[in-house]
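Just so we're clear, the structure is a prediction, and the values are computed from it rather than from any experiment.
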Amino acid sequence: DKNTKPKTPYRFYEPQQELFAFAGLWNTWQDPEGNALDNGTIITTQANEKVSWLHDRMPVILQEKDWKPWLTGELKEFKALENETLENEKTSPAINNPRFSG
């Protein structure tokens with residue numbers, strides 16, 4: 001609908017970290033003919049205070065100390081990232097365009 005106001009995208013980040021990781025699951029499914037299809041999903045949790053104004057769910061963001069335990073199956077429990085570490089800012093709607101490279 002051309003009369004619908006575009007949604008404003010936001011970038012969430014941790015000021016003290018260049019990268020952070022989401023908890024997710026991945027597998028490959030193979031059909032009877034042998035064709036493979038890779039599948040992945042991001043695990044979500046109840047949003048913390050820094051995200052809940054935008055949405056009631058958020059990705060599980062793993063602290064760096066939890067990356068290896070998550071990947072090896074040793075991490076059995078996680079919670080939303082603490083409120084004080086996550087920041088956000090508005091970003092351009094162009095970010096949703098696959099041709100965008102900025």
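- Side-chain contact check for Leu86 versus Asn48: some heavy-atom pair is nearer than 4.5 Å.
- Across every non-hydrogen atom of Lys50 and Asn88, the tightest pair is O-ND2, 4.0 Å.
- Judged as a side chain to side chain contact (heavy atoms under 4.5 Å, CB included), and not counting sequence neighbours, Gln16 has no contacts.
- The side chain to side chain donor-acceptor pair (under 3.5 Å) search around Glu89 returns Arg11, not counting sequence neighbours.
- How far CG of Asn39 is from OG1 of Thr28: 7.5 Å, rounded to the nearest 0.5 Å.
- Every side chain to side chain contact (heavy atoms under 4.5 Å, CB included) that Thr91 has, sequence neighbours left out, goes to Pro9, Ile95.
- Residue pairs that meet the salt bridge (charged side-chain N to carboxylate O under 4.0 Å, His left out) test with at least one member in residues 63-72, sequence neighbours left out, do not exist here.
- For the atom pair Lys7 NZ and Asn96 CG, the distance stands at 10.0 Å (nearest 0.5 Å).
- Pairs engaging residues 26-56 under the ring-ring contact (aromatic ring centres under 6.0 Å, His included) rule: Tyr10-Trp53 [sequence neighbours left out].
- Expressed to the nearest 0.5 Å, how far CG of Leu62 lies from CG of Leu75 amounts to 6.5 Å.
- The side chain to side chain contact (heavy atoms under 4.5 Å, CB included) check on Glu33 picks up Asp31, Asn35, with sequence neighbours excluded.
- Of the candidates Val51, Ile42, Ile43, Pro59 forms a side-chain contact (heavy atoms from CB on, under 4.5 Å) with just one, namely Ile42.
- Contacts of Pro15 classified as side chain to side chain contact (heavy atoms under 4.5 Å, CB included), with partners at least two apart in sequence or in another chain: Tyr13, Glu87.
- In this structure, Thr41 has no side chain to side chain donor-acceptor pair (under 3.5 Å) partners at least two apart in sequence or on a different chain.
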Would Phe12 and Leu54 count as a side-chain contact (heavy atoms from CB on, under 4.5 Å) here? Give the steps.
CA-CA 11 Å; Phe12 287 84; Leu54 183 64; 3.8 Å; yes

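- The structure places CE of Met58 at 7.5 Å from OG1 of Thr45, a figure rounded to the nearest 0.5 Å.
- Hydrophobic clustering (side-chain heavy atoms under 4.5 Å, transitive across Ile, Leu, Val, Met, Phe, Trp, Tyr) groups Leu25 together with Trp67.
- For Asp56, the side chain to side chain donor-acceptor pair (under 3.5 Å) test picks out no residue, with sequence neighbours left out.
- The side chain to side chain donor-acceptor pair (under 3.5 Å) search around Gln30 returns none, not counting sequence neighbours.
- Under the ring-ring contact (aromatic ring centres under 6.0 Å, His included) criterion, Phe22 pairs with Phe20, not counting sequence neighbours.
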